[in-house]
4 protein chains.
Amino acid sequence: MEQTKERIIKSAIKLFADKGFHETKVEDIALESGVAKGTVYLYFKSKEEIMDTCLEFIFSEASKNYEIPDELNFSDSIRMVVEKNFKFVDENIDFYRMLSKGIYSTSKDTKMGRRYCERKLFEKATSSMEKIILKGINEGKIKKEVSPKYLAVTFINTIISSLIMVVNSKIKGFELNENEYKEEIINFLTGGIYEK
Amino acid sequence: MEQTKERIIKSAIKLFADKGFHETKVEDIALESGVAKGTVYLYFKSKEEIMDTCLEFIFSEASKNYEIPDELNFSDSIRMVVEKNFKFVDENIDFYRMLSKGIYSTSKDTKMGRRYCERKLFEKATSSMEKIILKGINEGKIKKEVSPKYLAVTFINTIISSLIMVVNSKIKGFELNENEYKEEIINFLTGGIYEK
Amino acid sequence: MEQTKERIIKSAIKLFADKGFHETKVEDIALESGVAKGTVYLYFKSKEEIMDTCLEFIFSEASKNYEIPDELNFSDSIRMVVEKNFKFVDENIDFYRMLSKGIYSTSKDTKMGRRYCERKLFEKATSSMEKIILKGINEGKIKKEVSPKYLAVTFINTIISSLIMVVNSKIKGFELNENEYKEEIINFLTGGIYEK
Amino acid sequence: MEQTKERIIKSAIKLFADKGFHETKVEDIALESGVAKGTVYLYFKSKEEIMDTCLEFIFSEASKNYEIPDELNFSDSIRMVVEKNFKFVDENIDFYRMLSKGIYSTSKDTKMGRRYCERKLFEKATSSMEKIILKGINEGKIKKEVSPKYLAVTFINTIISSLIMVVNSKIKGFELNENEYKEEIINFLTGGIYEK
DNA sequence: AATGAATGAGTATTCATTCAT
DNA sequence: CATGAATGAATACTCATTCAT
């Protein structure tokens with residue numbers, strides 16, 4: 001049943017987020033999903049493949065956050081991207097916890113794995129953001145001299161790292177007013193923080 | 001000898017950056033340092049302690065990037081922070097490679113370890129950046145309505161993620177003109193991208 | 001399967017008897033039991049736990065040697081205890097070889113381990129022997145002035161050390177006629193060696 | 001200096017008694033003796049040799065407990081052997097603690113090691129006891145039918161195990177009145193417990 | 001004689017993966 | 001489809017011993 005596979009994925013995401021890849025045992029995933037260890041191997045060739053499938057699943061979801069209607073203007077587009085992402089964090093906190101683990105990592109990359117998905121998502125995000133910046137230039141909000149590509153990368157990084165901040169605040173009891181912070185980010189990205 | 005300990009640290013940083021924590025074997029570190037496995041354990045109680053010492057060492061170096069003279073104005077302060085950091089990346093590429101690993105991680109944290117150092121560095125960075133932003137407000141560059149704290153966090157995140165971009169470009173052959181990108185970041189953070 | 005666990009216990013007793021605790025490797029136990037090293041750890045958390053289980057098992061068997069019907073008189077009771085024990089040695093030579101190792105030992109004790117079992121067995125043995133001595137006093141065989149408790153301890157020690165002698169004779173080619181020796185012990189304990 | 005060697009031996013006896021052979025590290029012995037690890041190896045070829053020397057030293061001391069003047073009668077000889085041994089236990093508690101460790105042992109025996117010393121001591125003890133028993137027979141205290149050899153073994157075992165009891169009582173807080181117990185043992189061995 | 005830094009062989013334990021039922 | 005007993009390769013860590021100083 002495909003339902004079983006989905007249950008395994010969900011459990012894996014939760015556990016990888018809690019304990020990281022290496023600290024999560026296949027047995028843990030099996031227990032959490034309510035199946036036997038052997039069953040996990042009916043649906044996945046290896047533990048790596050479980051991780052890869054988790055990432056593929058979540059990155060494909062995340063990429064929808066960068067689908068913005070053409071008719072929106074610069075500021076509203078920025079607002080929509082930021083709001084979609086903040087909403088997504090709320091609903092997929094485990095995913096971002098997984099991402100924010102960092103450091104004690106492995107370098108093993110697999111075809112469908114992290115790098116591939118990350119890059120796919122990143123490319124989607126920056127190309128989408130580039131269009132939004134072009135809107136800003138056309139609307140006279142942003143100077144013509146800037147490099148839309150580099151600025152897009154910068155905007156995306158700013159958004160992503162702000163999401164990580166939100167996650168950290170949720171988990172580590174950092175004090176951070178999510179809504180105020182979000183508005184500050186939007187304000188910042190739309191140039192609202194600088195005196196004319 | 002302290003020289004031996006230092007050689008081990010250097011080797012460990014390189015290897016953790018190359019292969020991540022779990023994929024790096026203690027034997028690898030010993031070989032790379034030109035000592036026997038047992039010798040590593042003369043200087044460190046465990047593999048974890050090696051990682052912790054690496055982080056402590058490098059985070060304490062990195063925190064110097066946020067020491068800015070009071071007499072500099074807003075824009076020059078921003079420029080100095082960004083330039084110091086870009087220079088530091090060039091000279092400590094292994095460290096940033098280590099940081100940019102992400103995902104397949106562990107959650108084990110030790111007292112002197114990652115969280116502690118990360119937070120210490122982050123707090124130093126944001127408090128330093130907050131002062132710079134206050135300069136910006138006093139100079140009339142930044143609106144009085146902004147939250148200096150949130151903006152500081154955002155500025156720091158923007159800088160850090162730009163550094164990660166540079167590292168990725170160096171390693172994965174991403175095409176990125178480091179200098180142009182750096183100028184774009186400075187420009188962005190000092191409000192230069194927006195039309196008056 | 002419980003059968004596998006039992007096979008492991010039997011092999012462990014044999015090996016601990018042959019080579020002692022430290023000289024017996026977990027791999028040896030696995031080989032001797034015809035299972036893989038990992039399998040041993042399915043049934044036991046650690047090598048210590050194997051030892052503890054061996055001891056628990058064998059001490060509980062040994063304690064049966066001190067179960068004597070109330071209706072037997074003093075001399076017959078002594079005879080029965082001694083004979084049961086000599087028989088037990090014959091059938092569980094490995095166990096006594098394990099006990100007689102001595103000296104190059106460890107001091108690590110675990111809850112269910114040695115001390116606990118030893119004391120339980122010793123208490124069972126002495127309390128049982130105390131009853132037999134009381135029979136001896138009641139029957140006028142033993143003087144009323146003696147301390148039944150101390151005498152019980154002494155009788156038990158005499159029996160146990162005679163068993164160790166038998167084991168040593170079996171293993172190290174000590175010349176010792178088991179039956180004659182046994183009769184001498186019974187004779188000794190029932191006062192038969194002394195002139196009236 | 002021979003003084004250093006003696007200090008090492010004393011420390012080793014104490015530590016072996018505390019923690020057993022395997023749990024005592026050569027480093028521990030060095031620390032306890034106030035010398036460097038390397039120095040230990042100036043006086044002993046190996047850790048085994050330290051143990052062997054400890055045993056040799058202590059067994060040779062212990063064998064003096066069985067040197068009894070010919071002119072003493074049976075009962076006084078028994079009393080002297082028992083009293084010497086009880087006194088020796090008091091003064092060399094570490095040695096008996098070492099002996100009473102048992103079980104988690106090793107089987108490695110070395111030339112000068114345990115078996116050799118133990119047997120030497122045991123032979124000295126039993127041959128000495130045999131003479132005492134012959135006195136008993138000559139004095140009409142013990143029946144002529146007994147086997148002096150087997151009885152000697154039994155007497156020695158009774159004494160040795162009573163010493164172990166005393167040690168255990170000292171260490172594990174067992175309640176045992178040492179003097180009463182000693183008198184009971186003497187009484188027992190001289191036939192005083194049985195009604196005529 | 002004394003030191004203690006360096007060594008590396010040796011081992012308990014873990015856990016992803018398999019496969020007979 | 002599902003199971004979970006069995007596997008064994010892989011690895012962090014220990015400690016007796018050596019030897020240059």
Side-chain angles (χ1 to χ4, degrees), chain A residues 1-5 21-31 33-51, chain B residues 1-5 8 21-31 33-50, chain C residues 1-5 8 21-31 33-50, chain D residues 1-5 21-31 33-51:
Chain A
M1 256 174 291
E2 276 315 284
Q3 229 178 348
T4 304
K5 185 166 186 175
F21 180 74
H22 280 98
E23 259 54 81
T24 300
K25 313 304 164 201
V26 173
E27 174 107 55
D28 298 337
I29 298 174
L31 280 173
S33 333
V35 298
K37 225 188 325 175
T39 308
V40 173
Y41 284 87
L42 285 179
Y43 294 96
F44 301 93
K45 256 209 312 290
S46 70
K47 190 180 164 190
E48 286 267 305
E49 202 185 278
I50 302 175
M51 174 57 105
Chain B
M1 254 174 291
E2 276 312 288
Q3 226 181 346
T4 306
K5 185 168 186 175
I8 295 171
F21 180 75
H22 281 98
E23 256 56 69
T24 300
K25 310 305 164 198
V26 174
E27 175 106 59
D28 298 337
I29 298 175
L31 282 172
S33 331
V35 298
K37 221 180 340 163
T39 308
V40 173
Y41 285 91
L42 271 184
Y43 295 96
F44 301 93
K45 260 207 303 292
S46 68
K47 191 179 158 190
E48 287 265 305
E49 202 184 278
I50 302 175
Chain C
M1 255 175 289
E2 276 314 286
Q3 225 179 347
T4 305
K5 184 167 187 175
I8 295 171
F21 180 75
H22 281 99
E23 258 52 71
T24 300
K25 309 305 164 198
V26 174
E27 175 106 56
D28 299 337
I29 299 175
L31 281 172
S33 331
V35 298
K37 222 178 339 161
T39 307
V40 173
Y41 284 89
L42 271 184
Y43 294 97
F44 302 93
K45 260 206 303 292
S46 68
K47 192 178 158 187
E48 286 266 304
E49 202 186 278
I50 302 174
Chain D
M1 254 173 293
E2 275 317 283
Q3 229 179 348
T4 305
K5 184 167 186 174
F21 179 74
H22 280 98
E23 259 55 80
T24 300
K25 312 304 164 201
V26 173
E27 173 106 59
D28 298 337
I29 298 174
L31 280 172
S33 334
V35 298
K37 225 186 328 174
T39 309
V40 173
Y41 283 87
L42 285 180
Y43 295 96
F44 302 92
K45 255 208 314 289
S46 69
K47 190 181 163 189
E48 288 267 304
E49 202 184 278
I50 302 175
M51 173 58 105

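Convention: sequence-line order gives letters A, B, ...; per-chain numbering from 1.
Between the P atom of E/dT11 and the CD1 atom of C/Ile50 lies a distance of 15 Å, rounded to the nearest Å. Rounded to whole Å, the distance from CD1 on D/Ile29 to P on F/dC15 is 13 Å. As a whole-Å value, the separation of C/Glu48 CD from E/dA12 P is 12 Å. C/Tyr43 has its OH atom 12 Å from the C1' atom of F/dT7, to the nearest Å. Taking atom NE2 of residue C/His22 and atom P of nucleotide F/dT14, one finds them 15 Å apart after rounding to whole Å. Taking atom CD of residue D/Glu49 and atom P of nucleotide F/dA16, one finds them 15 Å apart after rounding to whole Å. As rounded to whole Å, 15 Å separates atom P of F/dA12 from atom CZ of B/Phe44. Taking atom NZ of residue A/Lys45 and atom C1' of nucleotide E/dC19, one finds them 18 Å apart after rounding to whole Å.
Under the rule for a side-chain hydrogen bond (donor to acceptor under 3.5 Å, both in side chains), D/Thr39 has no partner lying at least two apart in sequence or in another chain.
The two residues B/Ser33 and B/Ile8 come nearest to each other via the heavy atoms OG-CA, 3.6 Å. Considering all non-hydrogen atoms of both residues, B/Phe21 and B/Lys47 come closest at O-NZ, 3.1 Å. Here the closest non-hydrogen pair linking D/Tyr43 and D/Glu49 is O-OE2, 4.0 Å.
Shown are B/Val26, B/Leu31, B/Asp28, B/Ile29; of these, the side-chain contact (heavy atoms from CB on, under 4.5 Å) with B/Lys37 is made only by B/Val26.
Checking E/dA1, F/dT7, E/dA16 against the side-chain heavy atoms of D/Leu42 singles out E/dA1 as nearest.
Residues D/Ser46 and C/Gly38 each lie close to DNA chain F; by heavy-atom proximity, the contact nearer the 5' end of the strand is made by C/Gly38. Take the nearest nucleotide of DNA chain F for B/Thr39 and for C/Thr39: the residue whose nucleotide is more 5' is C/Thr39. Place C/Lys47 and A/Thr24 on DNA chain E by their nearest nucleotides, and C/Lys47 ends up nearer the 5' end. Take the nearest nucleotide of DNA chain E for B/Gly34 and for C/Glu27: the residue whose nucleotide is more 5' is B/Gly34.
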Base-pair string, DNA chain F, Watson-Crick plus G-U, cut-off 3.5 Å on both distances, | for inter-strand, is .||||||||||||||||||||

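OP1 or OP2 of F/dG4 has not a single side-chain nitrogen or oxygen of A/Tyr41 nearer than 4.0 Å.
In this structure, B/Lys25 reaches the sugar-phosphate backbone alone: every heavy-atom distance under 4.0 Å involves primed, P, OP1 or OP2 atoms, never a base. Within the nucleic acid shown, C/Lys37 comes within 4.0 Å of at least one base atom, counting heavy atoms only.
Listed for the D/Lys25 side chain is a donor-acceptor partner under 3.5 Å among the backbone atoms of D/His22.
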